[in-house]
Amino acid sequence: MLLELEVKGFALVDHLVLEFGPGLTALTGETGAGKSIILDSLTFLLGSAPKGDAQEACRVAGRFRPTQTINDFLAEQGLPTEPEELLILRERKEGGRTTSRLNGSIVSATQLKSLATLLVDMHGQHQSYGLTRPATHLPMLDRLAGETQARTLRRYQGLYEDLLALRREIAETRKQERDRLREIEWLRLELDEIQKIEPRSGELLQIEAEIKKMAASEDLSQGASAVTELLGREGGVMDSLADTLSALRPMIIVDETLETMAERLRGAEIEIGEVLREITDYAEEIQHDPGSLDRLQSRAEAIKTLCRKYGPTVDDVLAHRAQSAAKLDRLENSEEHLKELAAKETALLEKLELDAAKLSKARRKAAAELGTELVSELSQLAMPKVAFQVEFQPTEDFGPDGKEQAQFLFSPNPGRPPSALSETASGGELSRVMLALVSIGSRSQERPTLVLDEIDTGLGGRTAEAVAAKLARLGGRVQVICVTHLPVVAAAAGGHLVVEKTAEKDSTTISVREVRDAERVDEVARMLSGDASKKRARELAEELLG
């Protein structure tokens with residue numbers, strides 16, 4: 001339930017704070033006073049895009065009393081919950097950037113819109129006229145059919161999206177058939193080129209290192225020979241170490257601490273001996289073959305060419321080869337691929353057929369129940385002799401809502417067969433049908449707040465009284481906020497807010513005040529006559545307000 005709405009800097013609103021109670025609250029004011037702006041601020045709070053100048057800064061905050069369903073939803077989303085209070089804040093900075101917070105945590109507009117479906121059910125005058133469009137009738141039936149129908153519809157729509165994607169793939173595969181042979185030939189040339197070289201991961205680095213070594217082979221050979229000579233010649237390093245150890249032996253006999261030094265020299269003698277053997281082997285292994293160098297350089301250039309075309313690295317070339325091979329296999333076996341796609345389509349169609357049948361069965365049951373309930377509701381709205389039924393038309397192929405279309409047929413008077421709402425219902429009758437549908441829906445949908453924007457347009461007399469009584473009863477089940485021009489509806493409300501527009505020299509602002517007692521009599525009298533000072537209007541207002 002909406003407890004409080006704070007609006008600041010939104011359209012013509014400077015700053016206002018509105019408090020709402022349970023039951024029916026009427027929102028009234030002169031035509032053009034700005035009642036719709038108050039509702040626009042609520043839709044902005046609940047995630048809709050702002051209307052008007054998207055660059056202006058504004059702030060809208062709302063305080064709600066959450067149901068358990070709402071807190072369960074918030075918990076599933078990982079958002080903070082409070083058992084008695086839900087705070088939503090939405091701000092738009094200058095420049096158009098919008099931020100949203102829920103119980104202090106930042107949330108997205110998408111999350112707010114999902115939450116809004118649990119918080120508030122909004123209906124306007126335009127939706128009454130939307131009833132004349134058959135495209136809106138199936139979704140209405142589905143909403144009235146309950147949560148099981150909603151789950152079936154979500155599953156069906158997921159399968160339907162899969163079917164559309166699959167059919168696009170089939171169409172694309174068939175379209176590519178004319179280019180298939182040309183692409184096969186091109187892929188074969190690419191794969192043959194890579195296959196002839198057969199590069200290996202890391203090979204280019206190894207080859208470049210080998211080329212560098214072979215290009216300097218003469219210098220390396222000479223250097224290795226020089227090292228061998230210095231270490232192993234007579235009187236060289238090895239002989240010097242041996243002589244040094246011989247000189248130490250008699251000294252160690254006198255001073256045993258010199259043994260550590262002798263051990264280090266013996267270790268050095270062993271290490272240098274190993275180096276001598278390794279450098280000797282290295283000198284023998286150095287190649288001086290120009291032919292081998294040319295072959296390595298040619299292979300390196302061939303691998304680099306592949307990298308320039310398919311790389312930039314050898315690993316990229318190998319990945320390209322794998323992708324091209326897979327694509328070639330798919331193209332060469334396109335007929336088989338088409339058969340696989342067709343089999344998937346057949347399986348999807350079977351699943352869709354089952355779900356479409358479930359949807360259709362539930363809709364027909366909902367349509368029968370709706371017909372009975374709607375006739376009963378309309379009898380309470382000064383339409384005691386109506387007839388209503390739902391006509392179903394099967395479609396050749398599946399659509400986003402199933403394999404059928406539906407149309408509401410209506411007759412306001414006995415003796416006339418039901419026909420399309422657009423042909424038989426007046427504006428006032430459409431408003432009452434819409435209100436009846438809202439009343440029926442409020443029984444099965446756990447949305448604690450119902451907002452009605454001039455849904456009573458075009459009504460008067462006893463019909464208006466019946467609508468007022470219906471709205472008051474509806475307020476006994478859920479919170480109802482109703483924008484109205486009917487004095488009888490305003491008088492039936494438990495709370496009454498008046499929207500007023502003030503125009504000054506350089507600015508226009510909107511304010512809202514709660515009216516009680518004499519002020520409320522004045523407002524209802526104004527609605528009756530347009531002039532609150534008229535005696536008869538005040539008398540009628542007092543009668544309506546009891």
Side-chain angles (χ1 to χ4, degrees), residues 187 189-326 328:
L187 288 169
L189 288 173
E190 286 186 352
L191 289 170
D192 287 346
E193 183 180 17
I194 297 172
Q195 191 64 33
K196 284 177 182 176
I197 304 301
E198 195 64 35
R200 299 183 302 277
S201 179
E203 179 185 7
L204 186 58
L205 292 175
Q206 295 174 356
I207 290 175
E208 288 177 336
E210 191 65 26
I211 288 172
K212 184 178 179 181
K213 179 179 173 181
M214 292 183 70
S217 60
E218 290 187 7
D219 292 339
L220 291 173
S221 180
Q222 291 174 3
S225 298
V227 172
T228 302
E229 175 68 17
L230 289 170
L231 294 177
R233 70 186 178 185
E234 186 176 349
V237 174
M238 293 295 289
D239 287 348
S240 296
L241 281 171
D243 292 343
T244 303
L245 284 168
S246 297
L248 276 172
R249 287 190 188 98
M251 297 170 66
I252 292 170
I253 294 172
V254 177
D255 185 355
E256 293 182 353
T257 61
L258 295 174
E259 179 59 34
T260 302
M261 193 180 297
E263 285 295 329
R264 289 164 61 192
L265 286 171
R266 281 192 286 273
E269 185 180 30
I270 293 171
E271 285 294 323
I272 291 173
E274 288 294 328
V275 170
L276 179 59
R277 282 190 293 275
E278 289 176 10
I279 196 69
T280 302
D281 293 340
Y282 177 81
E284 293 174 355
E285 291 172 358
I286 293 175
Q287 297 183 18
H288 303 282
D289 182 7
S292 297
L293 179 61
D294 289 343
R295 285 192 296 274
L296 283 175
Q297 289 174 332
S298 295
R299 181 160 180 79
E301 186 56 37
I303 293 174
K304 288 177 182 179
T305 299
L306 290 179
C307 290
R308 284 193 293 271
K309 294 176 72 173
Y310 312 115
T313 68
V314 173
D315 287 341
D316 293 326
V317 173
L318 297 175
H320 177 80
R321 179 176 65 178
Q323 293 168 1
S324 296
L328 178 62

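All values below come from the heavy atoms of this structure, side chains included, with hydrogens, waters and symmetry mates left out.
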**OP:** Please check if any side-chain donor atom of Asp316 sits under 3.5 Å from a side-chain acceptor atom of Thr313, or the reverse.
**Re:** yes
**OP:** Using only heavy-atom distances, determine whether the side chains of Arg308 and Thr305 contain a donor-acceptor pair under 3.5 Å.
**Re:** yes
How close do [X] and [Y] get, heavy atom to heavy atom, and via which atoms?
X      : Y      : answer
Pro312 : Cys307 : O-CB, 3.4 Å
Ile197 : Ala302 : CD1-CB, 3.6 Å
Pro250 : Ser246 : CD-O, 3.3 Å
Leu265 : Thr244 : CD1-CG2, 3.7 Å
Leu245 : Ala262 : CD2-O, 3.6 Å

Quick one: do [X] and [Y] make a salt bridge, cutoff under 4.0 Å?
X      : Y      : result
Arg277 : Glu274 : yes
Arg266 : Glu263 : yes
Lys309 : Glu190 : no
Arg299 : Glu203 : yes
Arg264 : Glu259 : no

**OP:** State, yes or no, whether a side-chain contact exists between Val314 and Leu318 at a heavy-atom distance under 4.5 Å.
**Re:**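 The answer is yes, as the side chains (C-beta and beyond) meet within the 4.5 Å cut-off.
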Original post:
Taking C-beta and beyond as the side chain, do Tyr310 and Arg321 meet within less than 4.5 Å on heavy atoms?
Top reply: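 Side-chain contact under 4.5 Å: no.
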As an exercise, state the distance from [atom1] of [X] to [atom2] of [Y], rounded to the nearest 0.5 Å.
X      : Y      : atom1 : atom2 : answer
Glu271 : Leu276 : CD    : CG    : 13.0 Å
Leu248 : Asp255 : CG    : CG    : 10.5 Å
Ile303 : Ile207 : CD1   : CD1   : 4.0 Å
Ile252 : Thr260 : CD1   : OG1   : 9.0 Å
His320 : Leu306 : NE2   : CG    : 10.0 Å
Leu241 : Ile272 : CG    : CD1   : 5.0 Å

**OP:** Assess whether atom CD of Glu256 is packed by more than 12 heavy atoms of other residues, nucleotides or ligands within 6.0 Å.
**Re:** no
